[in-house]
Amino acid sequence: MTTETAGKYLFPEGFLWGAATAAYQIEGSSMADGAGASIWDRFSHTPGNMKDGDTGDVACDHYKRWREDIQLMKRLNLQAYRFSVSWSRVMPEGRGAINPKGIDFYDRLVDGLLEQGIEPLCTLYHWDLPAALDDRGGWLNPDIADWFADYGQVLFEKFKGRVKTWGTINEPWVIVDGGYLHGALAPGHRSAFEAMIAGHNVLRAHGAAVKRFRQVGEGKIGIVLNIEPKYPASDKPEDEAARRRAEAQMNRWFLDPLMGRGYPEELKDVYGEAYREFPQEDFDLIAQPTDWMGLNWYTRAVPENAPDAWPTRSRPVKQVQHAHTETGWEVNPPALTDTLVWLHEQTGGKLPLMVTENGSAWYDPPHAIDGRIHDPMRVEYLKNHLKALHDAIGKGVDVRGYMAWSLLDNLEWSLGYSKRFGITHVNFQTQERTIKDSGLLYAEVIKTHGGVL
Ligand SMILES: OC[C@H]1NNC[C@@H](O)[C@@H]1O
C-alpha cells in the first residue's frame, strides 16, 4: 500500500476471501481405505504422461494432514476453502456402493472447517473421473449424466446444512480440450469427434446435477468456467476472425449453452465434420438456472490467424513486453477486469460471480530459507489482480468472493510438481508447509478487507 492508495481498494462488506485446491492435486493416498482408482491414477502411472514421472500417490499428503492444513488456513485468515471431492474415493466404482471411509474423510474435513469458522465450498468434479466409469466410456457415454447426478445426490444429502455453496464441474473446457482433443490430460484421447460428444455430456451432467440438487439439496449451486479473453493480434480481418474462433472454442463453447444460447456458430467452422447437432431437450437440461458462476482466471491470449493451427486455425502471439509466469502465461491484470465485465454482460448481469481460482506459478526454492519463502513475483501478481478485481466491482460487476489458487504448492497435472502455484510452500521431501510472503500478504488483505492494497 502507498499513502495515495490507502483504503482505495476496500472490498464490499461480506466479500468472501478464500483459497482453492483439488482432490487429486493435494490429497495423496488416492487408493487408500477402499477408494477406487481414478483416470488420473491410471494416466499418471502411464510412462511418458507426467513430467519427471510424478504422480498424485503422495502429493501434499493432505488426506493425512488435513487437520494441520485447516490450522494453516486459520493462520492465513481464510474465510472459505474451495476443495473438490474425489468421486472414486466416495464411490469406488463411480456408481452404486458408497465407500464409508471415503465419505468419512470429507465429513471430518467439512466439520473441521466449520469448527474453525471456515466456509466449505465444494466442487463435485475436478477432473478425477472414476476409472471404472471410464471403462464404460466415461464422458463419452450419455449415461454419465445420471451417474453424475446420483453421485451429486450422495454429497448433497450427506452435507445438507453444512455445505451451502456447491460447484458442479471445474473447467469443462480443460476436461475436454485436454482430455479428449489434445490428449495432454487424462484420459489422454485426441479426437475432435470425441471432444464434441464429451463436452456435450459434461454439460448434460451439470444440468442433471443441478436438477437433482433442486430435489434433494440445500444452498446454492453453479458451475466453474475457465475464461481466457482473446484480443486480436492486429486489426486485420483475418486476425479478428481467428480471435472469434479461439473465443468460441475456449470461452463460449460451454458458456453459451449454459446461458440457453446453444453452441456458438463458430464451433461448426472450428470442428467441421466433427461438429454435432444435439436434441433441444439436452439444451433445456444444460441451461437449468443456477445460483452463481465461478470464474477461473489466469491470463489472456492474443491470437493471430494461423491456417495450420488445429483446430481453431489461430495461434497466440507472445506479448514479450509483459512478464510471463513459469507456465508461460502473460501477466495482464487489466484483462481480468475486462473478463469480469464481459462475463457479467454474457450472463445478463443477474448471476453472482466468484473468482474461484486466480494465481501464478513462479520459481520457488525446494525448501524454506531462514523459515521464509520470498516470492516477490507472486506478491505482485496477487496485489495487481486483486486491484483489477476491485476495478471490476467498481464497474458494477457482482463478484462475491476470491479463492486464491492455490492454498498449497501441488501437483500441476501432467506438469507434475515442477510448477508451484501455492501461497504456501510445500517441501515435497518432508511435507513441511511454509507460508510464502504472498500468503502473508493475503492474510493481511483479508484482515483489512483489501485496505492493505
Ligand atoms: O493451472 C492452474 C490451475 N488451473 N485451473 C485448474 C487447476 O487444477 C490448475 O492447477
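Treat the numbers as computed from the prediction; the structure is a model and nothing was measured. Whatever order the structure lists them in is the order used to number ligands and atoms, beginning at 1. Starting from 1, each residue takes its place in the sequence as its number.
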Close N/O pairs between ligand 1 and protein, under 3.5 Å:
from: ligand 1; atom 1: 1 (O); to: Glu412; atom 2: OE2; distance (Å): 2.6
from: ligand 1; atom 1: 4 (N); to: Tyr298; atom 2: OH; distance (Å): 3.4
from: ligand 1; atom 1: 4 (N); to: Glu357; atom 2: OE1; distance (Å): 3.2
from: ligand 1; atom 1: 5 (N); to: Glu171; atom 2: OE1; distance (Å): 3.4
from: ligand 1; atom 1: 5 (N); to: Glu171; atom 2: OE2; distance (Å): 2.8
from: ligand 1; atom 1: 5 (N); to: Glu357; atom 2: OE1; distance (Å): 2.5
from: ligand 1; atom 1: 8 (O); to: Gln25; atom 2: OE1; distance (Å): 2.7
from: ligand 1; atom 1: 8 (O); to: His126; atom 2: NE2; distance (Å): 2.8
from: ligand 1; atom 1: 8 (O); to: Trp413; atom 2: NE1; distance (Å): 2.8
from: ligand 1; atom 1: 10 (O); to: Gln25; atom 2: NE2; distance (Å): 3.0
from: ligand 1; atom 1: 10 (O); to: Trp405; atom 2: NE1; distance (Å): 3.3
from: ligand 1; atom 1: 10 (O); to: Glu412; atom 2: OE1; distance (Å): 2.7

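Atom CD of Gln79 sits in a crowded spot, with more than 12 heavy atoms from other residues, nucleotides or ligands closer than 6.0 Å.
Heavy atoms only, all atoms of each residue included: Ala246 and Lys230 are closest at O-CE, 3.8 Å.
Among pairs with a residue in residues 408-432, those fulfilling salt bridge (Lys or Arg N to Asp or Glu O under 4.0 Å) read Asp409-Arg420, Asp409-Lys436, at least two apart in sequence or across chains.
Ring centroid separation for the pair Trp253 and Tyr271 comes in under the 6.0 Å cut-off.
The side-chain contact (heavy atoms from CB on, under 4.5 Å) search around Asn99 returns Pro92, Lys101, not counting sequence neighbours.
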Validation: residues 137-146 side-chain donor-acceptor distances under 3.5 Å, sequence neighbours left out:
from: Trp139; atom 1: NE1; to: Tyr125; atom 2: OH; distance (Å): 3.1
from: Asn141; atom 1: OD1; to: Asp143; atom 2: N; distance (Å): 2.8
from: Asn141; atom 1: ND2; to: Arg136; atom 2: O; distance (Å): 2.8

